[in-house]
Visitor: 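Quick one: structure below, then a few questions.
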Protein chains: 2
Amino acid sequence: MYQGREAVSGPVAEICERIWLSIAEKRLRPGAHLKEEELSEIFDLSRARVRQALSLLESDGLVTILPNRGAFVAQPTIEEARDVFLFRKQLEARVIERVVERITEDGIRQLEAHLAEERAAHDRGDTSAAVQLAGGFHLVLADLAGSDFLASMVRILVSRSTLITSMYRVRHLNNCAPEDHEGLINAIRARAPGPAQAAMREHIDHVEAELDLGEATPVARDLRQALG
Amino acid sequence: MYQGREAVSGPVAEICERIWLSIAEKRLRPGAHLKEEELSEIFDLSRARVRQALSLLESDGLVTILPNRGAFVAQPTIEEARDVFLFRKQLEARVIERVVERITEDGIRQLEAHLAEERAAHDRGDTSAAVQLAGGFHLVLADLAGSDFLASMVRILVSRSTLITSMYRVRHLNNCAPEDHEGLINAIRARAPGPAQAAMREHIDHVEAELDLGEATPVARDLRQALG
DNA sequence: GTACATAATATTGTCAACAATCGTGTTGTC
DNA sequence: GACAACACGATTGTTGACAATATTATGTAC
């Protein structure tokens with residue numbers, strides 16, 4: 001399974017995971033060309049499967065596929081970045097609303113188990129796992145909302161947030177701090193819709209506040225795009 | 001080009017279009033199994049291209065692909081239907097905001113030309129074209145907002161709305177009436193953000209109001225007949 | 001007749017070879 | 001040297017054949 005996608009499993013999921021992580025950790029620059037044969041050699045998989053993975057990553061907004069040209073790491077603009085966070089606030093507020101309505105003891109345990117993993121990764125300095133788990137928390141939450149639609153929307157926005165964060169963050173910090181997630185769980189446990197939604201909006205604002213969305217792009221953009 | 005997707009062209013776009021239309025016109029019931037070989041015979045295309053088309057339709061939420069099982073026309077629940085329209089109101093209000101900011105004379109002409117096509121299809125009783133163009137209006141609008149992100153989000157939600165409307169509508173009416181679209185153009189021309197956003201929210205409420213969210217009316221028919 | 005195992009069929013998943021396209025370097029002309 | 005036409009290598013796109021999996025049909029015991 002890759003980023004909450006039930007239908008994706010096995011080798012294809014692994015390519016997606018690893019490319020996703022490489023982007024999150026800035027090992028892959030926005031605009032970088034992801035060549036199919038190169039990837040198939042690296043992962044020792046057929047080109048068809050690489051292609052499938054790239055197609056999935058495109059639908060998550062992490063890469064852009066140009067016909068007859070190939071796949072490139074996406075380059076969201078500052079305007080798009082702001083829109084992503086604006087909609088995440090609205091979308092995830094709705095998610096929280098539904099989660100509070102239908103949360104069970106088992107659901108709470110799921111969230112707490114995830115939070116424990118986040119803390120463990122954070123404490124041992126494993127930023128790679130920490131970033132992955134921080135995004136994963138929102139996917140678990142979306143799952144608990146019990147709507148495939150909401151879950152897929154959250155996935156789309158969270159993956160884009162990962163890319164945006166890796167492009168525009170000023171400090172070398174996590175995507176989400178575990179503390180915020182703890183507060184969210186508490187508000188959900190108390191079955192308090194208003195405070196829980198407020199906590200979520202604040203949390204997303206925190207994430208956005210760590211970014212520098214006021215100036216020109218720090219990473220050099222594609223020349224073709226700049227002059228086109 | 002299929003539903004505002006620049007990158008999709010040629011035969012694959014045609015399969016998508018025709019399946020999309022068949023769903024919109026209730027010739028394909030939700031849950032129907034879209035068999036790859038059958039489709040490849042109907043459209044006289046290779047199975048690989050059919051597969052590609054089904055994958056695109058999945059990312060638009062029109063079909064659900066189950067591993068080793070195949071592709072099925074999606075079956076959005078009533079809860080999901082409400083969420084789609086809720087989110088469309090928020091999303092398209094933002095689209096309108098950006099369109100009003102950056103609209104040009106040429107943009108207005110584009111919208112009016114589209115509206116004229118809608119009216120023509122409506123007047124000659126071509127419901128097939130009318131439904132397609134009604135959804136298309138929102139895609140043109142999203143394009144004028146000048147953000148790939150907003151455009152792709154609108155596409156995802158509009159395609160889902162099409163499916164939802166075909167599932168839950170009580171009267172045999174259009175997805176969108178051309179009158180609402182005319183009002184939107186006028187508000188945009190006046191560069192009035194508030195009224196334009198209000199018009200959009202009202203318009204989407206109108207569409208939602210035509211649905212009966214308590215009764216499902218599945219129409220079963222042969223796949224070959226539906227697509228012919 | 002029902003339940004279960006098993007074979008037969010239908011359907012999807014995967015691959016490697018081939019075709020089409022694009023980017024780039026080269027050559028020829030002025 | 002500037003420019004266009006061309007050819008080459010690199011990269012993506014497509015196909016048909018084959019493998020894996022699921023669904024249906026068949027047979028058998030009780």
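A note on names: the letters A, B, ... follow the listed sequences, proteins ahead of strands, and every chain is numbered from 1.
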Visitor: Do A/E79 and B/R98 sit within salt-bridge range, that is, some charged N less than 4.0 Å from a carboxylate O?
Guide: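 Result for this pair is yes, salt bridge flagged.
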
Visitor: Go through the side-chain N and O atoms of A/S128 and A/E25 and say whether any donor and acceptor fall under 3.5 Å apart.
Guide: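 A/E25 and A/S128 do have a side-chain donor-acceptor pair below 3.5 Å.
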
Visitor: Tell me which pairs pass salt bridge (charged side-chain N to carboxylate O under 4.0 Å, His left out) where either residue lies in residues 54-67 of chain B, with sequence neighbours left out.
Guide: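 Output for this query lists B/R5-B/D60, B/D60-B/R155.
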
Visitor: When every nucleotide of nucleotides 9-25 of chain D is labelled 5' to 3' by its protein contacts under 4.0 Å (heavy atoms), B for base, S for sugar-phosphate only, - for none, what sequence of letters results?
Guide: --SBBSB-----SSS--

Visitor: Can you tell me which residue pairs pass the side chain to side chain donor-acceptor pair (under 3.5 Å) test with a partner in residues 139-148 of chain A, sequence neighbours excluded?
Guide: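 Side chain to side chain donor-acceptor pair (under 3.5 Å) check on residues 139-148 of chain A returns no pairs.
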
Visitor: Taking atom P of C/dG13 as reference, at what distance in whole Å does atom CG of A/L56 sit?
Guide: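 To the nearest whole Å, that distance equals 13 Å.
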
Visitor: Looking just at side-chain N and O atoms, do A/S22 and A/R27 make a donor-acceptor pair shorter than 3.5 Å?
Guide: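 No.
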
